[in-house]
Amino acid sequence: MNQIVQKKRIAEGINLFEIEAPLIAKKRKPGQFVIIRIDETGERIPLTIANADKEKGTITIIVQVVGKTTEHLGTLNSGDSILDVVGPLGQPTHIERFGTVIAVGGGVGHAVCYPIARGMKDAGNYLISIIGARTKNLIILENETNAFSDELYITTDDGSYGRKGFVTDQLKEILDSGKKVDLVLASGPAIMMKFVCLMTKEYGIKTIVSLNSIMVDGTGMCGVCRVEVGGKTKFACVDGPEFDGHEVNYDLLLKRLATYKEEEKLAYDKFMLKTKDK
Amino acid sequence: MGEEKKKKKKERAPRQEMTRQDPKKRIMNFNEVALGYSEETAVIEASRCICCPKPKCVDGCPVLVDIPGFIKLVQERKFVEASKMIKETNVLPAICGRVCPQETQCEIVCVLSKIDKPVAIGRLERFVADYEAAAGEIEMPSKPEPKGKKVGVVGSGPAGLTVAGELAKMGYEVTIFEALHKPGGVLVYGIPEFRLPKAIVAREVDFVKKLGVELKTNFVVGRIATVEELFEQGYEAIFLGLGAGLPWFLNLPGINLVGIYSANEFLTRSNLMKAYLFPEYDTPLKVGEKVVVIGGGNVAMDSVRTSIRLGAKETHIIYRRSRKEMPAREEEIENAEAEGVIFDFLVNPVEFLGDNEGRIRAMKLLRMKLGEPDDSGRRRPIPIEGSEFEYECNTAVIAIGQGPNPLALSTMKTLKLNKWGYIEADWETGKTSMKGVFAGGDIVTGEATVIEAMGFGRRASIAIDKYLTTEEW
Ligand SMILES: Cc1cc2nc3c(=O)[nH]c(=O)nc-3n(C[C@H](O)[C@H](O)[C@H](O)COP(=O)(O)OP(=O)(O)OC[C@H]3O[C@@H](n4cnc5c(N)ncnc54)[C@H](O)[C@@H]3O)c2cc1C
Ligand SMILES: Cc1cc2nc3c(=O)[nH]c(=O)nc-3n(C[C@H](O)[C@H](O)[C@H](O)COP(=O)(O)OP(=O)(O)OC[C@H]3O[C@@H](n4cnc5c(N)ncnc54)[C@H](O)[C@@H]3O)c2cc1C
Ligand code: SF4
Ligand code: SF4
Ligand code: FES
């Protein structure tokens, strides 16, 4: 079973887990994810492999509490185990030396961006990282990202840290500065990726986004993760999760993400009631 | 019993019915619908078999179960022995007795069907297997001489389970690699509890494990390891029993609206993830008041009957031909009818329409008429021009079939596929174009049946043994 060897709260409502998964640690590449199921009655949820340690045989996931399963996960501690961890799933990022790459991570989306950005730096790119969040307490992996980025910018919606505003404000400034940018990576809320892409399209810069559609099996068997890219239906779990950001139908993604709103609330409320009793 | 007039020399009892849960009650639960025979009804049914010296029925069974042999034992009330006799050729009788399409396999060729209803072979098979299990008398075969060779089996559906079990019995060290967290393939994620209780599947999987087979779940071949890497790890032969798990969608406008499911998603949520027990189990599954299921096969029947149990008020099957051409088993169609499913024949969707939130609110259907028979021998549906009409619904399930999942296959560059993307393999041995790689079940035949997948697995296990013994390819 997949034991948690380290758990850390790294920002408000965001937990980092280092989990024993030697085979996955050896095999995974940036851009890939795992699907976990905490226990017998649990749901299968996808999470990006933020980091891996081949020698130790562990992978790191960084998880924001947004509902029942992520809340439940947050109650686990080192020593506890996760019943099922399957991966690495999805296509690895296409990494090569493009030139200058900007990695834009919004909220916990930066956990998705982080391994890819690092891969891009390792491949010899000039790497500019932008981390954005609503407020200071939600900024994650700042020092870690700083360690390998050529430039790092932070934005917060409320101005409590870094530049006040959205990641797109910072992005625009860089693009307007006349610097030649070869590739933009974006990961975060669908709405953020949509606006990043609207902007980079104007500037004619290729943009890769990592989509977070709902998933069940992660192997192309159910089709729940389908997204529209360039007018064609794709399965995010096997064809993605990364796609050409200028071709993605974000409105559809947003609507499909809201499929189970009522049920998710019910499950969350029930879980909170139960944990309160204890 | 209005069959008096058919009485021949000897008094023959009518075909014995199984008791079933009352339709009104059963649509409120997921318990098994058919309740099986009692000892008495089983013996009466067995007495109908005349134990033909040249039994036609056996030819109809893909794995050649000794049907008169086991039925004779039932006549003598030797139920456990009967079950053991079946297991010589069919290791999963409790499953096959429930889900085999007997009416087109063993029973259709039973001599009795010329003058009366055929012997209920499947029901008897189910009875003796359940009897044996309940008696707790499941006996393990004696431990074989170890061969000192490792075989890898990819996929734990009926094909993979059969190969693994047979090879373990011969003394091979067998490991099954399964992508999902539970073994069983379609038996656990596709076929609903009310038709095949999962406890029975677990029992059979357990038996295979007791034979010494190692089971690695959460292991996606093609991702965590390729077939080449498995060879490097010391597996000397690999069997691919990947199934036909890629859902087909209709390439129509609106297909990605919220509320449109593939049958695979719908059934996986309900069966594997137990969405019917939500919120006790975390995985939700939403059905609207009016559910339409598009398709006419077993998968469509399973989906529509699941949707009733999940609380749909009105459920429809949308099928582009007529009742006669439906590929689903007659029994399943009748069960669906009894449970209140409405069948809409000779219509085909051309578009899905959504509301402001992107949820499905209606379909556009086109009326069809039947033309000449096509390749499948069924009359071809022809669209009637200008017959389009709007048809309201809140949930749609697409059950028009499945294809081969390319995930593992795309990592095997030298593996030959046929033009539909299935593995090209010899149907007698399972041999593929790659040395040491065998394949069988749905990934070779296309969507077929549990017993055919098992039959294939059995033949492949013999070929694998031969290959590993002689090292001849
Ligand atoms: C490829 C991929 C990588 C991801 N990586 C990360 C990551 O590194 N860190 C992180 O915090 N989050 C990540 N996510 C999102 C994460 O999977 C969801 O936040 C999680 O499933 C929510 O579950 P919940 O029960 O806590 O919340 P719920 O209340 O069930 O859902 C909250 C929202 O999450 C989405 N969601 C619900 N169920 C699923 C599901 N089965 N699969 C995907 N999304 C779902 C829906 O939009 C829903 O409205 C990733 C998603 C994908 C597809
Ligand atoms: C809803 C439904 C109802 C049906 N009803 C009947 C019925 O009543 N009677 C009947 O006879 N037949 C029925 N069938 C058909 C029957 O179930 C199949 O023909 C049979 O299960 C095929 O067996 P298989 O072993 O080839 O594949 P499957 O049962 O599909 O099993 C394949 C297994 O391989 C695993 N796998 C796939 N790719 C990988 C990978 N890369 N790595 C690791 N594991 C992998 C899958 O997760 C799965 O567990 C039904 C099918 C469905 C979908
Ligand atoms: S395995 Fe299936 S086809 Fe063969 S005898 Fe049994 S029910 Fe009939
Ligand atoms: S053909 Fe019918 S009557 Fe003859 S042995 Fe088979 S089941 Fe019995
Ligand atoms: S998650 Fe099931 S097909 Fe992608």
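Just so we're on the same page: letters track the sequence lines, and every chain starts at 1.
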*Is there a donor-acceptor contact under 3.5 Å linking the side chains of B:E178 and B:T217?*
no
*asked:* Do A:T219 and A:D217 pair up side chain to side chain, a donor and an acceptor below 3.5 Å, judged on atom types alone?
replied: yes
*Identify which part of A:L257 has an atom lying under 4.5 Å from any heavy atom of chain B, answering side chain, backbone, both or neither.*
neither
*For B:K286, is it the side chain, the backbone, both, or neither that has a heavy atom closer than 4.5 Å to a heavy atom of chain A?*
both
*chain B contact via A:K255 - side chain, backbone, both or neither, heavy atoms under 4.5 Å*: both
*Could you tell me whether the side chains of A:E242 and A:T93 share a donor-acceptor contact shorter than 3.5 Å?*
yes
*In terms of heavy-atom proximity below 4.5 Å to chain B, should A:R28 be classed as side chain, backbone, both, or neither?*
neither
*Count the heavy-atom pairs under 4.5 Å between each of B:E265, B:M273, B:Q402 and chain A, then report the option with the highest count.*
B:E265
*With a 4.5 angstrom heavy-atom cut-off, which part of A:V216 approaches chain B: side chain, backbone, both or neither?*
side chain
*Under 4.5 Å from a heavy atom of chain B, the part of A:I24 involved*: both
*NZ or CZ of B:K150 within 45° of B:Y235 ring axis and under 6.0 Å*: yes
*Looking only at side chains, do A:T233 and B:N256 share a donor and an acceptor under 3.5 Å apart?*
yes
*Any idea which of A:A267, A:G87, A:G90, A:G218 has the most non-hydrogen atom pairs under 4.5 angstrom with chain B?*
A:G90
*Can you find a side-chain donor-acceptor pair between A:T207 and A:T200 that sits under 3.5 Å?*
yes
